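First up is the structure itself, then whatever we jot down about it.
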Amino acid sequence: MSSPYQPVVGLEVHAVLETRSKMFCDCPLVDSTHAEPNVAVCPVCSGMPGMLPVINQAAVEYAVRVALALNCQVHSTSIFARKSYFYPDLPKGFQISQYEQPLATDGWLEFDTAEGEQRVAIRRVHIEEDTGKLTHVEEDGGRYSLVDLNRSGVPLLEIVTEPQLHSVEAVRNCAYALRSILRYVGVNSGNLEKGLLRIEPNISIRPAGSTEFGTRVEVKNLNSFRSLERAVAYELERQGALLEGGGAVVQQTLGWDDARGMTQPQRSKEFAEDYRYFPEPDLPPLVLDPAWVEDVRASLPELPHTRLKRFAGQYGLSGYDAGVLTAEREVADFYEAAVAAAKQADAKLVANWVSGPLFGLLNEAGAELGALPFGPAELAALLDLLAGGAINPAGARLALAELFASGGQPAEIVERLGLQQVSDAGQLQAWAAETLARHPQQVAEYLGGNAPLLNWLFGQALKLSGGKADPAALRAELERQIADAGLQKEQSA
Ligand code: ADP
Ligand code: ZN
Ligand code: MG
């Protein structure tokens, strides 16, 4: 049954610009999950009176990289503005942000869904500073709030999309595509758990076919992509039931309770929604030299979605495989270097081994590609041995595991571990014959019509060979001997 309502979602995203120092002072950025509270604080970011902010040029460059990667118009002049509100995590009583004249506007982002390629418009991209962090504790019958200003003044990029996402899948894939771009251009690690990337969906529904917007809610507190998906799905469901029951959606900010799997009204920070924005008197307008902006544009890497399409065409990969291999820049680079180094292994084989066995080993070890004791050239050499028939897939897996554990040269590993594939006809005949002799019962059942037993028998034969037999040749030999046995049985019957 198709729903009578269309989902409408827009994203507001905050990404920490992971520069060395803060937005307006030279305090370092520290890992909030490890650092002691208030170790990276100075009079500027703790809001002492009379302190003057100084713009972090690296943060501006990071911001411009993202804005360009999102196909935005980067404005030669943007203005910092004060957003005033009172909250204990904000020592100055205002946050420096950009309001009427943001850094960049009018961009777009492409991503894939099951229905094909989609595009969401980017409304604006602006620079601001982060707030401090409050921790509420209850102790000895008293209640305290602790404030940590390590995060105060950390550079943030706010990215706002138009409300053009119309399914949970579109929301998820758009968010992944955005994360991938942030990582590609090297400004943000994309870590939701640590709050380095915060994705807040605005969600509404409207009768299918309608062009007017329904009332939206905004959901905060999403610490994972899983939560993002669950929260959007939950809200669509909740709003649908409300409207069906004759009720109305109330515009509000909600928090996601992951344990209970539901959204809940959040106590609003800013009950009076009057931020009294005005241009920040302590900072000049941010003026960018167009030539410098063009230099930044020229320095951008090929971006994930473009690279995905190129991979699919150039290497003959499925959209899915190309997506897996291009989601991370390091993976895509590794893959392309391996394909270039391979002499016999083709691009498809390399793709299968990177996204299959290699990813498997990395996941198992919780390791990063950068920490491998071998490079793309060694993977290529290994897959050349496979493609050339010197080893079989089982041998290649063992050799890869050894390479993964200790590095080295694939040819030497194959030699040392005795992984060479055996294609000798006499040897294959012997293994097949031995398999038949050991399992007469299964052979009889197979001949009696239990077809899946052939795979089992083949598995036994391969095992007998220590995994070293040329699998296709062994299978052919096994099938031949079983067919012979069948014939003999018929003749003797
Ligand atoms: P603000 O949060 O400052 O009021 P806007 O209302 O312009 O800003 O939009 C904030 C976000 O909400 C944007 O990502 C936008 O796409 C999204 N949005 C606006 N209207 C709707 C709607 N009716 N349904 C879903 N999302 C919406
Ligand atoms: Zn500081
Ligand atoms: Mg908002």
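Residue numbers run from 1 in the order of the sequence given. Remember, it's a predicted structure, so these values are computed and weren't measured experimentally.
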Measuring only between side-chain heavy atoms, which start at C-beta, is T131 closer than 4.5 Å to L90?
yes
Identified ring pair (Phe, Tyr, Trp, His ring centres under 6.0 Å) partner of Y99 from the options Y277, F278, F94:
Y277
Is a side-chain N or O of S46 found less than 3.5 angstrom from the main chain of C42, in a donor-acceptor match?
yes
If you measure only the distance, is there a donor-acceptor pair under 3.5 Å linking the side chains of Q164 and H166?
no
Salt bridge (charged side-chain N to carboxylate O under 4.0 Å, His left out) with E280: which residues, sequence neighbours excluded?
R82
Does E218 come within less than 4.0 Å of K220, counting only side-chain N to carboxylate O?
yes
Walk me through whether N56 and S21 qualify under side chain to side chain contact (heavy atoms under 4.5 Å, CB included).
CA-CA 8 Å; N56 174 347; S21 56; 3.7 Å; yes
What's the separation between atom CD in E237 and atom CD1 in I205, rounded to the nearest 0.5 Å?
10.0 Å
Return the minimal non-hydrogen interatomic distance between L308 and G323, and the atom names on each side.
CD1-CA, 3.5 Å
Search all heavy atoms of A170 against all heavy atoms of F111 and return the closest pair with its distance.
O-CE1, 3.7 Å
I'd like to know if R310 pairs up with E336 as an ion pair, taking the criterion as any Lys NZ or Arg NE/NH1/NH2 lying under 4.0 Å from an Asp or Glu carboxylate oxygen.
yes
What I'd like to find out is whether the side chain of V219 reaches to under 4.5 Å of the side chain of E235, using heavy atoms alone.
yes
Roughly how far, to the nearest 0.5 Å, is the CG atom of N223 from the CG atom of L197?
11.0 Å
Any side chain to side chain donor-acceptor pair (under 3.5 Å) pairs touching residues 175-188, not counting sequence neighbours?
R183-E328
Residues that E415 engages under salt bridge (charged side-chain N to carboxylate O under 4.0 Å, His left out), provided they are two or more places apart
none
Check side-chain contact (heavy atoms from CB on, under 4.5 Å) between V39 and all other residues, then give those that pass, not counting sequence neighbours.
A35, E36, N150
Evaluation steps, side chain to side chain contact (heavy atoms under 4.5 Å, CB included), between D274 and Y85
CA-CA 8 Å; D274 178 9; Y85 63 94; over 6 Å; no
Please name all residues satisfying salt bridge (charged side-chain N to carboxylate O under 4.0 Å, His left out) with D258, sequence neighbours left out, ordered by chain then number.
R230
Applying side chain to side chain contact (heavy atoms under 4.5 Å, CB included), run through E158 and V125 and close with a yes or a no.
CA-CA 6 Å; E158 179 169 327; V125 172; over 6 Å; no
Less than 4.5 Å apart, any side-chain heavy atom of P201 and any of L228?
yes
For R65 versus L300, what's the shortest heavy-atom pair and its separation?
CG-CD2, 3.7 Å
Should D31 and K194 be marked as a salt bridge (Lys or Arg N to Asp or Glu O under 4.0 Å) after you check the CA-CA gap, both sets of side-chain angles, and the distance that decides it?
CA-CA 8 Å; D31 184 338; K194 285 187 179 175; 2.9 Å; yes
Set of residues satisfying side-chain contact (heavy atoms from CB on, under 4.5 Å) with respect to I55, sequence neighbours excluded
M23, F24, V60, F80, L283, L286
Does T161 use its side chain to pair, donor to acceptor, with the backbone of L11 at less than 3.5 Å?
yes
Does some side-chain heavy atom of V16 sit less than 4.5 Å from a side-chain heavy atom of L156?
yes
Where L149 and K22 come nearest, the two heavy atoms and their spacing:
O-NZ, 3.2 Å
Should we say atom CD of E162 is surrounded by more than 12 heavy atoms from elsewhere, each under 6.0 Å from it?
yes
R307 side chain reached by D333 side chain, heavy atoms, under 4.5 Å:
yes
Listing, residues 66-77 side-chain donor-acceptor contacts under 3.5 Å, not counting sequence neighbours, or none:
residue	atom	partner	partner atom	Å
N71	ND2	W108	O	2.8
H75	NE2	T105	OG1	2.7

Do T263 and R238 come within less than 4.5 Å of each other through their side chains, counting heavy atoms only?
yes
Answer yes or no: is there a side-chain heavy-atom contact under 4.5 Å between P37 and L146?
no
Atom pairs and distances, side-chain donor-acceptor, residues 379-407, under 3.5 Å, sequence neighbours left out:
residue	atom	partner	partner atom	Å
D384	OD1	K343	N	3.0
D384	OD1	Q344	N	2.7
D384	OD1	A345	N	2.8
D384	OD2	K343	N	2.9
N392	OD1	A394	N	3.1
N392	OD1	G395	N	2.7
N392	ND2	G467	O	2.8
N392	ND2	A469	O	2.6

Positive for side chain to side chain donor-acceptor pair (under 3.5 Å) with S97, one of K83, E129, E128
E128
Between the main-chain N or O of I203 and the side-chain N or O of Q239, is there a donor-acceptor pair closer than 3.5 Å?
yes
Mark yes or no for whether T306, through its side chain, and E302, through its backbone, hold a donor-acceptor pair below 3.5 Å.
no
Can you see whether N202 engages E12 through a side-chain donor-acceptor pair at a distance of less than 3.5 angstrom?
yes
Closest heavy-atom contact between H126 and R124?
ND1-NH2, 2.9 Å
Here the pair of heavy atoms bringing N38 nearest to D148 is N-OD1, 2.9 Å
Can you list the residues that meet the side-chain contact (heavy atoms from CB on, under 4.5 Å) rule with D26, with sequence neighbours excluded?
none
Can you name the side-chain contact (heavy atoms from CB on, under 4.5 Å) partners of P43, sequence neighbours left out?
M48, M51
Whether R260 side chain and D257 backbone form a donor-acceptor pair below 3.5 Å
no
Kindly check if the number of other-residue, nucleotide or ligand heavy atoms within 6.0 Å of CZ (R416) is above 12?
yes
Just how far is it from atom CG of L419 to atom CD1 of I413, taken to the nearest 0.5 Å?
9.0 Å
Apply side chain to side chain contact (heavy atoms under 4.5 Å, CB included) to residues Q420 and V414 and explain how you reach the verdict.
CA-CA 6 Å; Q420 295 91 340; V414 165; 4.0 Å; yes
Using side-chain heavy atoms (C-beta onward) and a distance below 4.5 Å, is D112 in contact with N173?
no
Taking ring pair (Phe, Tyr, Trp, His ring centres under 6.0 Å) as the cut-off, I'd like each qualifying pair that reaches into residues 288-330, sequence neighbours left out, listed once.
F311-Y315, F311-Y335, Y315-Y335
Residues at least two apart in sequence or cross-chain that pass salt bridge (charged side-chain N to carboxylate O under 4.0 Å, His left out) with K309, listed by chain then number, are E110, E117
Verify the distance criterion only: is there a donor paired with an acceptor across the side chains of S78 and Q98 at less than 3.5 Å?
yes
Does atom CD of E368 have more than 12 heavy-atom neighbours from other groups under 6.0 Å away?
no
I need the S224 OG to L192 CG distance, nearest 0.5 Å.
7.0 Å
